[in-house]
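Letters A, B, ... mirror the listed sequences (proteins, then strands); counts begin at 1.
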Number of protein chains: 4
Amino acid sequence: MRRTLKAAILGATGLVGIEYVRMLSNHPYIKPAYLAGKGSVGKPYGEVVRWQTVGQVPKEIADMEVKPTDPKLMDDVDIIFSPLPQGAAGPVEEQFAKEGFPVISNSPDHRFDPDVPLLIPELNPHTISLIDEQRKRREWKGFIVTTPLCTAQGAAIPLGAIFKDYKMDGAFITTIQSLSGAGYPGIPSLDVVDNILPLGDGYDAKTIKEIFRILSEVKRNVDEPKLEDVSLAATTHRIATIHGHYEVLYVSFKEETAAEKVKETLENFRGEPQDLKLPTAPSKPIIVMNEDTRPQVYFDRWAGDIPGMSVVVGRIKQVNKRMIRLVSLIHNTVRGAAGGGILAAELLVEKGYIEK
Amino acid sequence: MRRTLKAAILGATGLVGIEYVRMLSNHPYIKPAYLAGKGSVGKPYGEVVRWQTVGQVPKEIADMEVKPTDPKLMDDVDIIFSPLPQGAAGPVEEQFAKEGFPVISNSPDHRFDPDVPLLIPELNPHTISLIDEQRKRREWKGFIVTTPLCTAQGAAIPLGAIFKDYKMDGAFITTIQSLSGAGYPGIPSLDVVDNILPLGDGYDAKTIKEIFRILSEVKRNVDEPKLEDVSLAATTHRIATIHGHYEVLYVSFKEETAAEKVKETLENFRGEPQDLKLPTAPSKPIIVMNEDTRPQVYFDRWAGDIPGMSVVVGRIKQVNKRMIRLVSLIHNTVRGAAGGGILAAELLVEKGYIEK
Amino acid sequence: MRRTLKAAILGATGLVGIEYVRMLSNHPYIKPAYLAGKGSVGKPYGEVVRWQTVGQVPKEIADMEVKPTDPKLMDDVDIIFSPLPQGAAGPVEEQFAKEGFPVISNSPDHRFDPDVPLLIPELNPHTISLIDEQRKRREWKGFIVTTPLCTAQGAAIPLGAIFKDYKMDGAFITTIQSLSGAGYPGIPSLDVVDNILPLGDGYDAKTIKEIFRILSEVKRNVDEPKLEDVSLAATTHRIATIHGHYEVLYVSFKEETAAEKVKETLENFRGEPQDLKLPTAPSKPIIVMNEDTRPQVYFDRWAGDIPGMSVVVGRIKQVNKRMIRLVSLIHNTVRGAAGGGILAAELLVEKGYIEK
Amino acid sequence: MRRTLKAAILGATGLVGIEYVRMLSNHPYIKPAYLAGKGSVGKPYGEVVRWQTVGQVPKEIADMEVKPTDPKLMDDVDIIFSPLPQGAAGPVEEQFAKEGFPVISNSPDHRFDPDVPLLIPELNPHTISLIDEQRKRREWKGFIVTTPLCTAQGAAIPLGAIFKDYKMDGAFITTIQSLSGAGYPGIPSLDVVDNILPLGDGYDAKTIKEIFRILSEVKRNVDEPKLEDVSLAATTHRIATIHGHYEVLYVSFKEETAAEKVKETLENFRGEPQDLKLPTAPSKPIIVMNEDTRPQVYFDRWAGDIPGMSVVVGRIKQVNKRMIRLVSLIHNTVRGAAGGGILAAELLVEKGYIEK
């Protein structure tokens, strides 16, 4: 029998923190053992948390006290999940890794460190081996693994599945994202009532940059085009939806490519997490819907056998011989953050980077 | 001095009807003289109208009685504006045209009759001459002129301006449209609270079809590619905004094309309505914004010197050597419907098709 | 061991129908066995349903075929749950009762028949005996039991608990209701974006009328004032929330009454369903919150050990010696409809009106 | 001929600031001459302002530079309008008053200074004479006049009109307020999507406290009850509307009082601003609507001949012999703030406190 791993969740009262709590409170072998916060240290979790997700605060968690973000207090903790905000995350995560903890980070601060994996377990599981280099170079007993921006994942998962097998040479993306992606308090209400909020050049650019890194790490069955010949663009927005990032992708190819075939590829896409039957791995990482008015954010963001862990794809259509159109929907705080982090942890356990 | 033209507005209490009333109540020579309705015949307009636009019902209009949609009662009417719904519009408009009235229609029923103009006055003003053929063939004293679907216009105006001067060979569009485009009662609230409503294949297709017709009628300064080599696609949605259709366009070209040059072209775009100084012609049919988070629906849908008559374009950016990205915002019930209809009427007056 | 009762759900694809399906698919002894619909007969439930609630369509239900609303096809059905719309419900329910079925109705059509219970199981369980009279008079083998309007229940549950023990002589109510209460398509989106929709005199009046009937059936521990000396008023509205009716109640008394005492009474309120430990009975029919900014619709509508079955009360405050203020939040499609119906069925089983 | 008065608007880019700019740019004798800001000093107003109201930034204002909040730079300014936030406002306003400026404040900081008027020009115009005492006591050449909280005004205007003539002894209020009342960034979007945000005890209490002060200053035609025998309560909320505070009022009386008579009183209510024909005084300070589903926020917040300056009242109904129900709608940033401030300034000019 497996031993139970004790997890610390940093920023446990935040919008991603609560999804970690929700998902781990039912996990077969990882338990939420330490809830770290900032403003609410010393108070019962159930009293201070803003439970902006389904269900209610799990009973056994509600009375847990929120504690400081301090490695010294976490002697018996086996994994650190860090959905801390940009800027705050970087140094804290380094400190924990230095102290010997495996750190799974949903934060951007270390996403482009060359020795830090930016992991989507179905797409680039082999990048886990960067940890060896990381430890050596930094002389750490622990390590940091990051997961990509939710918005990037919503595109990267279907694009990665396509890029693997097809001569894809471009993807032109428009996102319509939800509010929870910006945290709380996050987006002012006056920005999104009777309005669409464009996220601007910076957000567009970072989305693309992360997708490029993921694509560069996909093990392909085709040898062209080279990644430098692939053209990516993103136009990003937020509107008044609570959870779920919806993205429209126009995908172009170097050669004639049939939408029907791509659709099959997406439906059949599986990765190592499915092979290993990891507990948080959905049986289908990509669910394809056929109705021309689906997916819809409200109805489909929780789709799949591990709710919120599948990317839902639809409206797949031939635009011209060398272009198809599809839309994707990702649950940004689940697959796009906490769920992606837990799946990464499970893979790390399986690969021996976290002790069973 | 010009005589005052008397206008009848069919469906005057509808969402486009009210914009006709609002705009014409300040018009220099067209006056709202006959308000036709259906359920509310015999009642004062001000009591039955749902004034879902800025300001209040104009005082002099509020007491006007809503009347039946009957040509026999409209002896002294000079122009018919018809924003009637699909299906209902067709036969009614024909009857009016037969009876000798100029009919400006915002409805889809006659948009693809080969002898009926589908008019964007800045782009294809010469198609007005189809009226001569129409009258001859149909033996009508009056005539029908149509304006395109609001969604199509939001893309067609910038794309027409580009297609005129550049070797554009594709446009890949994502729309985020407002509720008023679907009329009242229109979209059920449960479809758009915490949700995005995809409009589906039919809506995607008709948007493209109308853009193709408009592009085919633009007088171009370049001779390639031929229209049949142009690839267009649209992915359409509605969300909980009240007015204003927002569209993201990825535009591709046969040759290297600089975003900066295209931007200048859009800024300097003018058409016959501007040359003729038509009263409802905005001085700039296209307003270009530079901030990377504009246009925004709430703040920019009423932009311009004739509020709501300019298409606002922004986020113009080079994607690759042969592709640029831009977004456009159109006030769907103004430029996209009532305002477009009034501008068409003004052009028809100027060209002698409606008697001054 | 108890036998499993087979339930037919009329209007099974509607907003209340789906809550019946969701709740019964986990019920210890009532199973959803027959899903009746109208437009979608012959199709798999999972394909046609609009699952506007938490979770996903239960797997074992998704493939069930939607069937006609016909007693002849329901030989082995033990209970009928009828959330049919006003007007449609009345005759259908009578037909089923005549054919021998126990009918639990959430519809208004029979709510004021003098021989039909209008049941809130915690407040007026003894009214079940009206069934005997009903059967005799109508010569039915089956019977009809109704549950009150969701809006009325949101007020009636706390008011009933108060009226039982205190000399309450008035309640002045303001409701802020959710969209699901009006069904689908229901409220047009343009009525509730940047707007509040008043529901008008008719809705105000029916809310009060139902509360009066419930209060008249509460077994009181005080003997004044008489009900005819109690003054009730409701001012009703809908806004763009999906589920959850929020109500503000100013409650007046004939004598000095302390908010603190009333609060205790509400906290300790229990009824027969709790005594009988009915499976859908929440341990606390009324949950009292102390924070002055709770309950909140998004966070508290699913509160309690049977999610959505408790009315959440908060902001209890002394206004003056003889008036207190409180707010209540009811999950309108759960406690206010499907859940209330299931609880009624459980009570009827316990009392022998439905065979175990 | 009147000279033009030059106004400085503090916080000119804020949500109330923009209404001052909008309204004054059409004012017959007060001009926006100095736009004071904080973060945007030195930049053109049109570039930095978030114009969250109707229309567009007035052309002649768009190029004006935002300047520091410094009395020394305002030599030629005649009036200061101060919609500064709580805390920031107090000392700044005192400094300006000391330097000799008339300061009209929409901020709470001085609302309960006993020598500072809390002015609703139709209700307590005589309190202007407090200025004499204020100047004497504080040895100021200038002075401060405040206007009440928007929420308080929405209730106080109809209640003041009633309290003047009737033996009103209670008012039990529920508010459903808009987002703009909290400024920008103000309310986080996640607080109001699919939610109602209760504002809590503090907000409830301050609303009541201000209404009490206003009522205490109304010159009554009846002599009872005394104010200390009047019971007031407010239960306050915000939802996702942009402008317009909607309030439900249950009003009780010491004696039988007919709703029809109160309705007439409200319809006929006029004050000194109407007698003096002040330019910003609406001809009807209270507009009464008869339809039972009006007023509605979207459609009625701009009602009246001075748009946004009338309180719209409706749903007037007899609850019992000694209680009536009504709802009121106030445009919170117009009558409830900037418009109320301008009307106050006009009265002060007329009364000689600001030099013509």
- prompt: Relative to chain A, which of B/V192, B/D204, B/L232, B/L179 shows the most heavy atom pairs under 4.5 Å?
  reply: B/D204
field: Residue part contacting chain A, namely of B/F172, when any heavy atom lies under 4.5 Å
entry: both
message: Tell me which of these, B/A234, B/G314, B/P295, has more heavy-atom pairs under 4.5 Å with chain A than the rest.
response: B/A234
message: Do B/R315 and A/D201 make a side-chain contact, defined as non-hydrogen atoms from C-beta onward lying under 4.5 Å apart?
response: no
field: Side-chain heavy-atom pair B/Y298, A/L190 within 4.5 angstrom cut-off
entry: no
query: Which region of A/S252, side chain (C-beta onward) or backbone (N, CA, C, O), has a non-hydrogen atom less than 4.5 Å from a non-hydrogen atom of chain B, or is it both or neither?
result: neither
task: Mind ranking B/G202, B/S178, B/P198 by heavy-atom pairs under 4.5 Å with chain A and telling me who comes out on top?
output: B/P198
- prompt: Quick one: do the B/T235 and A/R325 side chains pair a donor with an acceptor below 3.5 Å?
  reply: yes
- request: Under 4.5 Å heavy-atom distance to chain A, tell me which part of B/I239 shows up: side chain, backbone, both or neither.
  value: side chain
- line: Highest number of heavy-atom pairs under 4.5 Å with chain A among B/T293, B/D194, B/I208 belongs to B/D194
task: Could you look at B/L199 and say if it's the side chain, the backbone, both or neither that has a heavy atom under 4.5 Å from chain A?
output: backbone
field: Pairs of heavy atoms under 4.5 Å with chain B: top-ranked of A/I173, A/V193, A/L197
entry: A/I173
Closest-packed option against chain A by number of heavy-atom pairs under 4.5 Å, given B/V297, B/T241, B/N195: B/N195
- request: Step through the shown structure and confirm whether more than 12 heavy atoms of other residues, nucleotides or ligands are within 6.0 Å of NZ on B/K206.
  value: yes
message: Can you tell me which portion of B/T175 sits under 4.5 Å from chain A's heavy atoms? Options are side chain, backbone, both or neither.
response: neither
query: Between B/A240 and chain A, which part of the residue has a heavy atom less than 4.5 Å away: side chain, backbone, both or neither?
result: backbone
Ring geometry between B/H237 and A/Y246 (parallel below 30°, tilted from 30 to 60°, perpendicular above 60°): perpendicular
- prompt: Do you know which of B/V319, B/I196, B/N320, B/I176 has the most heavy-atom pairs under 4.5 Å to chain A?
  reply: B/I196
